[in-house]
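Every value quoted in this text rests on a predicted model; they were computed, and no experiment measured them.
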Amino acid sequence: MGKRVALVLAGCGVFDGSEIHEASAALVHLSRGGAEVKIFAPNIEQRDVVDHLKGSPAEEKRNVLVESARLARGSIQDLAELKASEFDAVIFPGGFGVAKNLCSWAVDGKNCTVNEHVNSTLQAFHSAKKPIGLCCISPVLAAKVFPGCEVTVGQDKNVDGRFPDAETASAITELGCKHICKNVNESHVDKANKIVTTCAFMCKAPLHEIFDGIGTMVQEVLKLA
């Protein structure tokens, strides 16, 4: 019987929601791993809406759950309905929506607040000793909620210009967590906390390398489940 995995989205689109390629990669690797997946998102208003063609703010309002339903092909539930007891693991793709909608990292950095349902979901899986997978910027959720945990967002220096957001590693360290430097095609497993992380688009890398890195994260999550 396949593992039951909850996938939590933050909207649809890299600049104001979930990163579409990351969400899709996670779903492909979960499918390949024989997992049974259900998708969730918080039923809240987006912090902002970005015109992805112009790269500038748009004067409109959108709902995170409604937008996430685009990625879920309509099959999605309110995050408030997620019960950790019904799943073996949870995975959070990245995208600016994580830092804008699931928490306030985009505005407040390490002083951010985490959405109540995101926080309770993370706490529930952690308390039940069930694995949590996070990629791209989403490892900051674990860093904020679980002081002392180990995560990766890639490198802590902008190596060859490939890690423009390397300062995120320093902020994670300031939260009392340990940042582990990893390449884009690798993931890190915090065995004590059952947290698996990979940097994905935090690295400027070819799409297939990001896809492979997310694959290692998914595989490790399924092993721990």
Side-chain angles (χ1 to χ4, degrees), residues 7-27 39-72 76 79 90-119 121-122 132-145 151-155 158 161-172 175 179 184 197-205 207 209-211 213-214 217:
L7 188 81
V8 181
L9 299 179
C12 182
V14 58
F15 299 125
D16 57 13
S18 288
E19 211 297 319
I20 293 170
H21 298 297
E22 291 178 9
S24 179
L27 288 166
I39 305 175
F40 297 84
N43 186 10
I44 56 175
E45 187 177 297
Q46 289 185 189
R47 177 176 287 274
D48 61 19
V49 177
V50 176
D51 181 327
H52 280 58
L53 180 62
K54 297 177 181 177
S56 57
E59 295 299 320
E60 59 181 285
K61 297 184 184 300
R62 296 193 183 188
N63 177 279
V64 174
L65 179 59
V66 172
E67 290 302 295
S68 297
R70 294 173 179 268
L71 277 170
I76 195 167
L79 183 60
V90 64
I91 288 177
F92 289 76
F96 278 99
V98 171
K100 291 179 176 181
N101 305 324
L102 303 192
C103 70
S104 63
W105 187 278
V107 176
D108 303 318
K110 68 180 188 297
N111 298 315
C112 72
T113 55
V114 178
N115 170 274
E116 61 174 319
H117 295 303
V118 172
N119 183 71
T121 295
L122 289 167
I132 299 167
L134 309 117
C135 67
C136 195
I137 191 63
S138 64
V140 302
L141 296 172
K144 187 67 181 181
V145 176
V151 298
T152 189
V153 289
Q155 300 290 324
N158 190 9
R162 297 174 75 229
F163 294 89
D165 301 304
E167 71 277 0
T168 304
S170 299
I172 286 169
L175 283 170
H179 180 266
V184 67
T197 51
T198 189
C199 69
F201 277 100
M202 294 292 275
C203 177
K204 289 185 174 180
L207 182 57
E209 292 184 10
I210 292 164
F211 182 88
I214 292 171
M217 180 266 287

* May I have the step-by-step check of side chain to side chain contact (heavy atoms under 4.5 Å, CB included) for V151 and L134, ending in yes or no? => CA-CA 9 Å; V151 298; L134 309 117; 5.5 Å; no

Passes side chain to side chain contact (heavy atoms under 4.5 Å, CB included), K144 versus C103? Steps please.
CA-CA 10 Å; K144 187 67 181 181; C103 70; over 6 Å; no

Query raised in the report: So H52 and D16, side chain to side chain contact (heavy atoms under 4.5 Å, CB included) or not? Walk me through it.
Result: CA-CA 9 Å; H52 280 58; D16 57 13; 3.4 Å; yes

* Asked: What's the verdict on side chain to side chain contact (heavy atoms under 4.5 Å, CB included) for H21 and F201, showing C-alpha distance, side-chain angles and the deciding distance?
  -> CA-CA 9 Å; H21 298 297; F201 277 100; 3.9 Å; yes

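For R47, the CZ atom counts as densely surrounded, since its 6.0 Å shell holds more than 12 non-hydrogen atoms of other residues, nucleotides or ligands. Dense packing is recorded around CZ of F163, with more than 12 heavy atoms of other residues, nucleotides or ligands lying under 6.0 Å away.
Between the CD atom in Q46 and the OG atom in S68 there is a gap of 8.0 Å [rounded to 0.5 Å]. Between I132 atom CD1 and L141 atom CG the span is 10.0 Å, to the nearest 0.5 Å. The structure places CD of E67 at 11.5 Å from CD of E45, a figure rounded to the nearest 0.5 Å. One finds the CG atom of D48 at 10.5 Å from the CD atom of E59 (value rounded to the nearest 0.5 Å). The line from CD of E22 to CG of L207 is 10.0 Å long, rounded to the nearest 0.5 Å. Here the OG1 atom belonging to T121 is positioned 4.0 Å from the CG atom belonging to L79, to the nearest 0.5 angstrom.
A donor-acceptor pair under 3.5 Å is formed between the side chain of H179 and the backbone N or O of V153. Not one N or O on the side chain of S18 forms a donor-acceptor pair closer than 3.5 Å with the backbone of G95.
Here the shortest heavy-atom pairing between A41 and L65 reads O-CD1, 3.6 Å. For G154 against C199, the heavy-atom pair with the smallest separation is N-CB, 3.3 Å. Contact between T198 and G213 at its shortest, heavy atoms only, is OG1-O, 3.6 Å. Of all heavy-atom pairs between V64 and A10, the closest is CG1-C, 3.5 Å. Looking at every heavy atom in both residues, G161 comes nearest to K204 through O-CD, 3.8 Å. Listed here is the closest heavy atom pair of R162 and A205: NH2-CB, 3.9 Å.
A heavy-atom distance below 4.5 Å is not found between the side chains of I137 and D165. Here the side chains of I172 and V140 are in contact, with some heavy-atom distance below 4.5 Å. Considering only heavy atoms from C-beta on, K100 comes within 4.5 Å of V50 through its side chain. For the pair V184/I210, a side-chain contact is recorded, criterion being any heavy-atom separation below 4.5 Å from C-beta on. Put simply, the side chain of P139 does not reach to within 4.5 Å of the side chain of T152, judged on heavy atoms. No side-chain heavy atom of V98 sits less than 4.5 Å from a side-chain heavy atom of W105. Side-chain contact between N101 and N115 is absent, with no heavy-atom pair separated by less than 4.5 Å. Residues V118 and F92 are in side-chain contact: their nearest non-hydrogen atoms beyond the backbone lie under 4.5 Å apart.
Under 3.5 Å, the side chains of N63 and N43 contain a donor-acceptor pair of N or O atoms.
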